[in-house]
Structure formats: C-alpha cells, structure tokens
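By convention in this document, chain letters (A, B, ...) are assigned in the order of the sequence lines, proteins followed by strands, and residues within each chain are numbered from 1.
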Amino acid sequence: MRASQLPLFTSKDDPKDAQVASHRLLSRAGFIRKQGSGLYVYMPFGDMVHRKIEQIVREEMNRFGGIEVTLPVITPAELWQESGRWDLMGKEMMRMQDRHEVGYALGPTHEEAMTDLARSFLQSYKQLPVNLYQIGRKYRDEIRPRYGLIRCREFVMKDAYSFHVDDASLDETYQKMREAYRAIFERCGLKTIPVEADSGNMGGSGSEEFMVASQIGEETLLLCSDEKCGYRSNQEKTAFIENPKKHGSTEPTNRGISPSADAAVEFETGAAKTIEEVSKLTGSEPRNFIKAVIFEDKENIFLCFIQGDRDLSEIKMKNLAGATEYWPAGEETIKALTGAEPGYAGPQGLKVKDGDTVAKKTLRIFFDRHLKGRSGLIAGANKTGFHTKNVAEGRDFQSGEGHDLIVSHAGDICPQCKKAELTETRGIEVGHIFKLGKKYSQKMNLSVLDPNGKPLTPTMGCYGIGVGRTMATSVEQNHDERGIIWHRNLSPFVVYLVSLAKGEAEVAFVDKLYATLTAQGISVYLDDRDERAGVKFNDAELVGFPFIVTVGKKTLESGKIELKLRRSGEKLEVSEAELIGKIQSL
RNA sequence: CGGGCUGUGGCGCAGUGGUAGCGCACACGCCUGGGGGGCGUGGGGUCGCUGGUUCAAAUCCAGUCAGCCCGACCA
C-alpha cells in the first residue's frame with residue numbers, strides 16, 4: 001500500500017487529555033481518534049491492528065473448540081429481568097426504549113443473550129458441551145472513561161460462553177480456554193500474568209484473570225516473592241495473612257498496652273474518634289485497635305470488626321454477606337446499633353447480637369479471623385466520647401474462628417506457601433475466564449434431557465478478552481520515546497518503505513523493490529509522499545512497523561539497501577536478497 | 001454522585017471592559033532536499049450555549065451544556 005492511496009494521519013502533538021503512552025502514541029500515530037468521552041474511531045492503521053487481533057483470537061478460539069456467532073448489540077430488557085440483573089446492573093448499563101416504550105440494554109456483556117440463544121436449540125445432553133463465542137461491541141457507561149482505549153464506553157470484546165452437563169466437563173473447557181488464552185497473548189507478543197481472581201457479581205467458583213503488568217493498571221496484583229511458590233492473585237481475592245514481623249511473634253496474639261488479665265475499662269476520649277486520634281492520645285499503635293466498619297443494605301446491617309491498622313475489603317465482605325447493593329451505614333442506623341454517635345462502635349458491651357433486629361433490619365456481625373485470641377485491645381465503648389481498653393477476645397467478646405475480611409498488601413504472607421512475603425504490581429486486565437456455574441441457566445430455565453430422560457440444568461463457563469485493550473496494552477508494553485513498536489503479528493504492515501527517490505531511475509528502483517517485496521508475501525507500506533526525509537523517518541518510527549527500509553540516492557550509488565530494525569534501532573546495509581531473507585527470518 | 005479546573009481558527013494555547021492574536025497545521029510561490037528546513041504571501045474564529053450588567057463583554061454576573069482531573073471510604 002502506498003501513502004498516496006492510504007494516507008497517514010500522524011500528528012506532532014499529543015492530544016491534551018492523553019495521560020498514558022498508549023493513548024498518546026495511538027493518537028499521534030493516527031491509529032485512533034476520539035469522538036466523544038470514551039468513544040474512539042479506529043483509523044485505518046488502528047482498524048488493521050484491531051482486525052489482526054480479532055483474527056488471532058478467532059483462530060485460537062476455533063482451534064480450542066469455540067463456535068462463532070454474532071448476537072445483537074441490543075438485548076431486550078426481558079432477558080435481563082429474567083436473570084434479575086435489570087435491577088442489579090445499575091447505571092453502568094446503557095438503557096433505551098423503542099417507540100413502544102419497550103426497554104432494551106446496549107449490552108455490557110451477554111450472559112443473558114447467550115443463555116437465551118442456547119436454550120432455543122439445546123435439548124439433549126448429547127449436544128453438550130458447547131462453547132459459543134462472539135466478537136462484538138460492548139457498551140458500559142463507565143463512571144470515568146480514561147486512558148484512551150484502556151477504559152472506554154464502547155469497545156470490542158470476544159466473549160465466549162460454554163454449557164456443560166457437569167463440573168468435570170466445565171473444567172475441561174475451562175482448561176482449554178486457559179490454553180487458548182495463553183496462545184492468543186503469546187501470538188500477540190503480549191506478556192500477561194495470569195492471576196487468581198475474584199469472580200465478583202458473576203457468581204461462580206474458578207476464575208483467572210490475564211493481566212498486563214503496568215504502572216497505570218487499575219488493579220493491584222499480589223505475587224509471591226518465592227518463585228517456586230508462584231502464587232499470583234488479584235488483591236481483591238488474596239487471603240490476608242499477617243506478617244509475623246509486624247508484631248514480633250508468630251502468634252497473632254497479645255501485643256496490647258497491658259496484660260490480658262486486666263479487666264476491660266472505659267476511658268474518656270472526648271472528641272477523638274478515629275483510630276489515628278485515639279492512637280495518639282493513648283500511645284498505643286493502631287494494630288491494637290479494633291476497627292468497626294458498618295454497612296447496610298435494604299434488609300441487613302453488616303457490622304464488621306477488624307484490626308485497626310488494616311482496611312476492610314468490601315469485596316470480601318460483600319461476598320461473605322451475599323450482598324449486592326449496599327452502602328455505608330447512616331448515622332441513624334449506627335445510633336440504633338451502638339447507642340452512640342458514629343465513631344464509637346466496639347464489639348464488647350454491645351446490647352445487640354448477630355441475628356437481632358435493629359432498626360427493622362437484620363444485624364449481621366462479622367469478625368476478621370486475626371482478632372481471635374487477641375487481648376489488650378482498644379475499641380469504641382458504644383458510648384459517645386468513650387473507648388474501652390484491655391479488651392480481650394474470648395472474654396469481652398467472641399469472634400469465633402472469624403473470616404477473611406482484610407485487604408492484603410505487599411509485605412503480607414503468601415496465602416499459598418504461607419512463608420514468603422507478597423509483592424505488589426499494578427495490572428490491566430485484558431482477559432478473564434471463569435466458571436459461572438448454574439446461575440444463568442437456572443434463572444433462565446435452560447434445561448436439557450439427561451440420559452435418563454430427566455431434565456438437567458447445564459453448568460456454564462464464561463471467557464472474555466478485550467480486543468481494544470489488548471491493542472492498547474501491547475503499545476504500553478512496546479514503545480520508546482520515538483513511537484510504537486508493533487509485534488509483527490499485530491503491525492498493520494511489516495515494512496515501512498521510506499522512499500527518498502527523486503529522479504526517474506530512483507523512482508523505478510523503489511517501485512521495483514516494492515513489487516518484489518510484495519510478491520514475496522511481505523506487506524509493505526510505501527511512503528511515496530513529497531515530504532522531507534526527516535518527516536518520513538519520524539513518521540516511520542512513530543507508527544512503529546517492525547522494519548524500516550530506506551531507499552534513495554545512496555542506494556543506487558552503493559547498491560545497498562538500508563534496513564533499520566524498529567525495536568533495536570539496529571541499522572544494516574544489505575543487498576535485496578539479504579533484505580528479503582532478513583525480513584522473512586526475523 | 002461530590003469537589004476542582006477548562007471551553008477562543010483543524011490542533012495546542014495567549015488574551016483583566018474599548019475593532020480577536022500566537023505557534024503548529026492548511027493553500028500558493030521561491031529556495032532547500034538523508035532526521036519534523038527557510039523566506040514570503042494568503043484563507044480560516046457567531047470566543048461552548050442562554051440570559052443579565054454596561055455606552056461597550058472573549059473579558060464581569062447567573063444559569064446551562066460539554067470535556068478533563070481528583071475522590072468515591074473504613075465512623
């Protein structure tokens with residue numbers, strides 16, 4: 001292809017809203033153009049890369065047993081109502097009505113639509129397993145679209161949904177998808193870190209995310225520092241184990257301000273409410289406090305106690321409580337619960353217990369497991385202006401075995417090997433596979449006959465890859481100060497041919513080289529613009545095709561063609577035959 | 001949803017009440033010709049929108065819309 005037929009859309013300046021390399025470079029190199037908040041046009045080169053990724057995804061999905069279909073982008077509200085998600089999805093789902101005022105969603109995901117499709121033709125266990133996928137547009141009204149293609153409101157996703165007679169069959173497909181994903185990202189030249197993940201709202205058990213390590217990542221990953229262990233997990237999911245270094249003992253016990261034998265006593269703290277304030281006042285470190293975090297939903301109040309130097313994981317709490325929509329408890333609720341102003345909740349001396357009705361809601365109390373056996377603690381006294389010290393678990397309150405409720409961080413102990421410390425990395429999710437279970441098949445009455453002629457509800461898996469995000473993260477991972485460095489499998493063209501030809505002879509030489517390379521099956525972009533050399537070199541490096549070939553007066557004089565490798569910057573002077581050999585072998 | 005900032009030519013920006021400017025880009029001419037070149041000429045803007053104050057508003061005031069940034073909270 002020639003520049004005279006397929007123009008470049010490069011620019012010298014970064015768009016002003018570009019914060020990250022991929023956004024900056026994809027815009028400057030003319031691959032994408034913003035049309036609205038979180039909405040991007042894929043320009044010719046961008047479109048070409050996008051299609052290449054789609055094709056790789058398609059080939060690998062097909063190789064591992066996927067069947068491609070295309071669902072409507074718009075899904076009827078009816079289907080979402082069946083699954084119950086019409087009310088659960090919240091504002092992130094874009095909704096619309098037709099002229100008859102019938103509701104629809106611009107699909108943010110397609111579990112319902114695909115399950116509906118499946119039930120329309122699945123009748124017998126003999127038809128299972130089946131793995132249906134599509135490569136289609138998704139719409140999410142993101143709170144804050146940002147980072148260009150990394151978080152936008154319209155994007156292309158490959159989403160697959162598999163249906164099975166039992167868990168063994170689901171597991172088999174799940175493992176195939178793990179392989180397929182590894183193959184896909186490998187072919188894209190993208191280094192991903194597969195991590196254990198929370199399965200979130202989707203429900204279900206097994207879940208693995210494919211993350212690209214990046215400082216701009218919106219999720220935090222925790223990796224075991226012992227490579228032999230190899231544990232990798234999304235922070236949301238990582239079980240918290242406190243590092244003994246934190247308290248100088250391997251036993252998670254008594255490090256309070258006074259011996260556990262002392263009775264618990266109230267003391268006045270006045271306006272000091274937060275742990276930080278009371279910590280200063282008493283000289284006791286935050287770890288010796290009990291932090292109370294209170295949420296509520298329509299039916300319940302969730303009262304969570306954890307140690308004071310840590311944060312409550314809302315995700316863990318939510319999963320434990322089975323809550324979907326919840327919010328921080330209001331002042332009235334807290335008063336009804338503790339009898340005090342907010343800021344003074346504690347587990348001891350509480351007049352209500354787990355399961356009681358408080359303010360017309362069911363109280364549910366959760367303790368973090370690290371509170372078990374501890375003493376010498378400081379907690380709110382459930383009395384405005386007072387805290388209690390020398391609080392001991394087992395005597396002043398009962399935590400039971402407790403739950404895993406705390407957000408893990410670097411420096412904590414790996415929950416897998418239980419020895420090494422965890423380290424932290426930021427990551428961008430590009431793929432996610434998980435076992436859904438029967439959530440959708442049940443709610444939507446998907447059923448087949450089993451060998452005994454009895455109804456059987458298939459179990460499901462679900463597997464997504466963000467195509468645009470794969471493109472963006474590939475740039476995040478592969479660029480330098482001059483521009484993008486495409487992996488050959490994704491690059492719009494393999495060769496950027498810089499023509500500096502002037503006279504007829506030179507032009508003829510370039511045309512012949514272009515024809516020769518093309519005939520060898522090498523895709524070439526010929527920059528035949530009437531521009532200065534510098535402009536062409538700069539654009540060549542900005543758009544980032546793997547090979548930059550320069551032909552001009554020097555070429556004719558020496559008989560040698562200049563080949564520059566975009567990634568290494570290495571420059572070679574080669575004959576035409578060598579050139580072809582190099583391009584085909586590298 | 002809350003807070004902050006910004007809306008002026010295609011892009012990036014300046015312009016504190018008195019006839020709308022700069023750089024880049026664009027068009028034309030000449031020079032130049034292996035790393036975003038030079039000189040000259042030229043075209044292009046209802047200053048986001050609505051209302052108000054004023055003899056006079058891009059500029060001050062109110063509202064509104066849009067974009068960007070930060071936060072989404074642990075009492």
Side-chain angles (χ1 to χ4, degrees), chain A residues 8-20 23 27-28 30 33-39 90-92 141 143-148 153 269 271-278 286 289-296 302-318 326-335 337-338 340-346 366 368 379-382 384-385 387 405-407 482-483 498-503 506 527 529-542 548-558 562 564 569 571:
Chain A
L8 288 152
F9 295 93
T10 53
S11 150
K12 271 195 228 183
D13 299 309
D14 293 335
K16 106 179 147 166
D17 60 338
Q19 314 274 310
V20 301
H23 186 193
S27 297
R28 272 193 56 201
R33 191 154 292 203
K34 186 163 87 163
Q35 198 157 60
S37 178
L39 301 170
K91 290 189 174 166
E92 206 165 275
D141 194 356
I143 295 176
R144 254 184 79 190
R146 64 180 130 182
Y147 301 152
R153 296 196 292 182
T269 45
K273 285 200 279 197
T274 65
I275 286 171
E276 202 184 330
E277 286 160 359
V278 181
F289 283 70
I290 298 174
K291 181 187 277 189
V293 189
I294 311 164
F295 290 96
E296 59 185 318
F302 307 110
L303 172 57
C304 308
F305 293 109
I306 61 174
Q307 71 185 46
D309 62 336
R310 286 303 192 133
D311 295 323
L312 177 80
S313 162
E314 285 190 35
I315 288 165
K316 289 178 182 178
M317 186 278 293
K318 192 175 88 175
Y326 61 92
W327 52 91
E331 204 173 313
E332 292 311 310
T333 307
I334 293 171
K335 279 185 189 162
L337 176 62
T338 64
E341 297 287 320
Y344 301 99
F366 302 116
D368 184 77
N382 299 309
T384 304
H387 282 75
L405 285 173
I406 286 174
V407 181
R482 298 189 153 272
V498 177
S499 167
L500 302 178
K502 278 185 288 290
E506 292 174 22
D527 190 348
R529 293 176 298 171
D530 179 21
E531 283 287 356
R532 314 192 117 247
V535 172
K536 297 188 182 189
F537 289 136
N538 279 308
D539 277 344
E541 279 160 340
L542 180 58
I548 299 168
V549 175
T550 305
V551 177
K553 193 169 64 177
K554 283 189 195 170
T555 315
L556 285 197
E557 285 166 3
S558 66
E562 282 174 41
K564 185 167 178 180
K571 269 192 198 170

Toward the 5' end of RNA chain B, which comes first, A:Y344 or A:R482, by nearest nucleotide?
-> A:R482
What nucleotide among B:rU6, B:rG35, B:rC74 has an atom nearest to a side-chain atom of A:V293?
-> B:rC74
For A:R146, which contact category applies under a 4.0 Å heavy-atom criterion: base, sugar-phosphate, or nothing?
-> sugar-phosphate
Would you mind classifying the nucleic acid contact of A:K335 as base, sugar-phosphate or nothing, using non-hydrogen atoms under 4.0 angstrom?
-> nothing
Whom does B:rU41 pair with, Watson-Crick or G-U wobble, provided both distances fall under 3.5 Å?
-> B:rA27
If we call it a pair only when both distances are under 3.5 Å in a Watson-Crick or G-U wobble match, what pairs with B:rU6?
-> B:rA66
Minimum-distance nucleotide (side-chain atoms of A:D311 versus B:rC74, B:rG36, B:rC68) = B:rC74
Mind checking the P distance from B:rG71 to B:rC28? Whole angstroms is fine.
-> 49 Å
Scan A:K536 against the nucleic acid and name what it touches under 4.0 Å (heavy atoms): base, sugar-phosphate only, or nothing.
-> nothing
Where the side chain of A:R28 is defined as all heavy atoms beyond and including C-beta, which of B:rG34, B:rG36, B:rG67 is the nearest nucleotide?
-> B:rG36
Rounded off to whole Å, could you give me the CD-to-C1' distance for the A:E314 and B:rG71 pair?
-> 14 Å
Evaluate side chain to side chain contact (heavy atoms under 4.5 Å, CB included) for A:D141 paired with A:K91, printing each intermediate quantity in order.
-> CA-CA 7 Å; A:D141 194 356; A:K91 290 189 174 166; 5.8 Å; no
Hey, does A:D309 reach any base, or is it just sugar-phosphate, or nothing, if we go heavy atoms under 4.0 Å?
-> nothing
If you look at every strand shown and take non-hydrogen atoms under 4.0 Å, does A:D539 touch a base, only sugar-phosphate, or nothing?
-> base
Nucleotide nearest A:K16 (side chain, heavy atoms from C-beta), chosen from B:rC24, B:rU6, B:rC68 = B:rU6
Position toward the 5' end of RNA chain B (nearest nucleotide), A:G534 or A:K34 | A:G534
Could you let me know what B:rA14 is paired to, Watson-Crick or G-U wobble, both distances under 3.5 Å, or none if it's on its own?
-> none
Distance, rounded to the nearest Å, where A:F305 contributes CZ and B:rC74 contributes C1' | 13 Å
Taken to the nearest whole Å, CD/A:Q19 to C1'/B:rG67 is 13 Å
Rounded to the nearest angstrom, tell me the gap between atom CG in A:L500 and atom P in B:rG36.
-> 13 Å
What nucleotide among B:rG67, B:rG12, B:rU32 has an atom nearest to a side-chain atom of A:R532?
-> B:rU32
Say you pick atom P in B:rU64 and the same atom in B:rG4; how far apart are they, in whole Å?
-> 14 Å
With a 4.0 Å cut-off on heavy atoms, is A:E562 in touch with a base, just the backbone sugar-phosphate, or nothing at all?
-> base
Closest to the A:K12 side chain: B:rC68, B:rA25, B:rG34?
-> B:rA25
According to the Watson-Crick and G-U wobble definitions, with both distances under 3.5 Å, which nucleotide is paired to B:rU53?
-> none
Side-chain atoms of A:S37 come closest, of B:rC1, B:rG67, B:rG36, to B:rG67
Rounding to the closest angstrom, what is the interatomic distance between B:rG37 and B:rG44 at atom P?
-> 26 Å
What integer number of Å spans the P atoms of B:rU59 and B:rU53?
-> 15 Å
What is the distance from CD of A:E557 to P of B:rG34, rounded to the nearest Å?
-> 11 Å
Touch class at under 4.0 angstrom, heavy-atom based, for A:E541 against every strand present = base
Taken to the nearest whole Å, CG/A:D527 to C1'/B:rG35 is 13 Å
Inter-nucleotide C1' distance (B:rG12, B:rC49), Å rounded | 23 Å
Contact class for A:K502 vs. all strands (heavy atom < 4.0 Å): base, sugar-phosphate, or nothing?
-> sugar-phosphate
A:L405 and A:D368: which non-hydrogen atoms are nearest, and at how many Å?
-> N-OD1, 3.0 Å
Should A:K291 and A:D311 count as an ion pair when the cut-off is N to O under 4.0 Å?
-> yes
Which listed nucleotide (B:rC24, B:rG67, B:rG71) is nearest to the side chain of A:I143?
-> B:rG71
Whole-Å C1' distance, B:rG21 and B:rA58 = 12 Å
Smallest separation among heavy atoms of A:T269 and A:H387, with atom names | OG1-ND1, 2.8 Å
Counting Watson-Crick and G-U wobble pairs only, both distances under 3.5 Å, name the nucleotide matched with B:rG34, or none.
-> none
For atom CD of A:E557, is the number of surrounding heavy atoms from other residues, nucleotides or ligands below 6.0 Å larger than 12?
-> yes
Base, sugar-phosphate, or nothing for A:D17, non-hydrogen atoms under 4.0 angstrom?
-> sugar-phosphate
Tell me what A:I294 touches on the nucleic acid: a base, only sugar-phosphate, or nothing, going by heavy atoms under 4.0 Å.
-> base
Would you please test A:K564 and A:F537 for side chain to side chain contact (heavy atoms under 4.5 Å, CB included) and show each step?
-> CA-CA 11 Å; A:K564 185 167 178 180; A:F537 289 136; over 6 Å; no
Separation of B:rG33 C1' from A:F537 CZ (nearest whole Å) | 12 Å
Of B:rC1, B:rC24, B:rG67, the nucleotide closest to the side chain of A:D13 is B:rC24
Do the side chains of A:M317 and A:V293 get nearer than 4.5 Å, heavy atoms only?
-> no
P atoms of B:rG38 and B:rG23, separation to the nearest Å = 12 Å
P atom, B:rU50 versus B:rC65: distance in rounded Å?
-> 15 Å
Which pair of heavy atoms, one from A:A379 and one from A:G346, lies closest together, and at what distance?
-> CB-CA, 4.2 Å
Atom NZ of A:K318 and atom P of B:rC74: how far apart are they, to the nearest Å?
-> 18 Å
G-U wobble or Watson-Crick pairing nucleotide for B:rA58 (cut-off 3.5 Å, both distances) | none
Validation row: A:R28, A:D14 side chains within 4.5 angstrom (heavy atoms) = yes
